[in-house]
Amino acid sequence: MDQKTIIVELEKINQAVLSCQKCPLSQTRHNPVFGQGHPQAKIIFVGEAPGFNEDQTGQPFCGVAGQVFDRLLNSVGLNRNQIYITNILKCRPPNNRDPQLDEIKACTPYLEKQIELINPQIICPLGRHSMKFIMEKYGLQDYTQGISKIHGKIFQVGNLFENHIIIPFYHPAVATYNQNMFPILEKDFQILKN
Ligand code: URA
Ligand code: SF4
């Protein structure tokens, strides 16, 4: 698929998300957050769900966790125009509570279409909820352990139609609660340099 077509197709999904009422989060969100970045990015990052700032602006990772994320990207010579970033849920859960299974079920077809269109070489789930969804989606449920065990590990998945490398990371927000986590994230991100 050429880049123009991908942009058009992504915009169609964005429009569907903007008016989506498939789960109760549609009642409390202010703005859905679709995602942002290069339509043919080699790397897609998948966070959890919009927080307060993202819900206000409609942009992914625009609060403090986003600042940590940008520092990590920059540390490996990347910026947001070169990658794609989105979340498993497009609407903010009230008070940033954990995503619920029925919400993940309702929302992730959007994420799956994004991945299909962008067709990234590398998929990086950020945090345990996203890790669990991505690992299960690609048949890696038997390898799924706590994020503290598998962060920074590399998994190859593929079939006749698609091949990806999956690298789970801690969620960048952990470094905002615990400064000691930043160097761990920074070290994991180094994998993306190669
Ligand atoms: N945390 C997330 O998981 N996603 C965002 O977009 C912002 C914060
Ligand atoms: Fe629709 Fe997803 Fe928002 Fe729920 S979270 S209303 S499924 S876009």
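Since the model is a prediction, treat every value here as computed from it, not as a measurement. Order of appearance sets the numbers: ligands from 1, and atoms from 1 within every ligand. Counting begins at 1 with the first residue of the sequence.
- Between the side chains of Q141 and E136, no donor N or O sits under 3.5 Å from an acceptor N or O.
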Begin with the C-alpha distance, continue with both residues' side-chain angles, and end with the deciding distance and a verdict on side-chain contact (heavy atoms from CB on, under 4.5 Å) for L10 and I118.
CA-CA 9 Å; L10 283 171; I118 296 164; 4.2 Å; yes
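- Taking the six-membered ring where the residue is Trp, F45 and F189 present parallel rings, their angle staying beneath 30° rather than reaching 60°.
- For E54 and R92, the salt-bridge test fails: no basic side-chain N is under 4.0 Å from an acidic carboxylate O.
- By the criterion of a heavy-atom distance under 4.0 Å, both the backbone and the side chain of E48 are placed next to ligand 1.
- The hydrophobic clustering, which links ILVMFWY residues whose side-chain heavy atoms are closer than 4.5 Å, places V76 and Y170 together.
- Residues Y84 and H38 keep their aromatic ring centres 6.0 Å or farther apart.
- Judged by the 6.0 Å and 45° rule, R71 forms a cation-pi pair with F182.
- Taking 4.0 Å as the cut-off, H171 counts as a neighbour of ligand 1 on heavy-atom distance.
- Less than 2.8 Å away from atom 1 (Fe) of ligand 2, the protein contributes these N/O/S atoms: C20 SG.
- Heavy atoms of N87 approach ligand 1 to within less than 4.0 angstrom.
- Salt bridge present: K12 and E9 bring a charged side-chain N and a carboxylate O closer than 4.0 Å.
- Of the polar atoms of A65, none of the N or O atoms is found under 3.5 Å from an N or O of ligand 1, judged by distance alone.
- Residue contacts with ligand 2, taken as heavy atom pairs separated by less than 4.0 Å, involve R29 solely via side-chain atoms from C-beta onward.
- Using a non-hydrogen distance threshold of 4.0 Å, A49 registers as a contact of ligand 1.
- Taking 4.0 Å as the cut-off between side-chain N and carboxylate O, D102 and K22 do not count as a salt-bridged pair.
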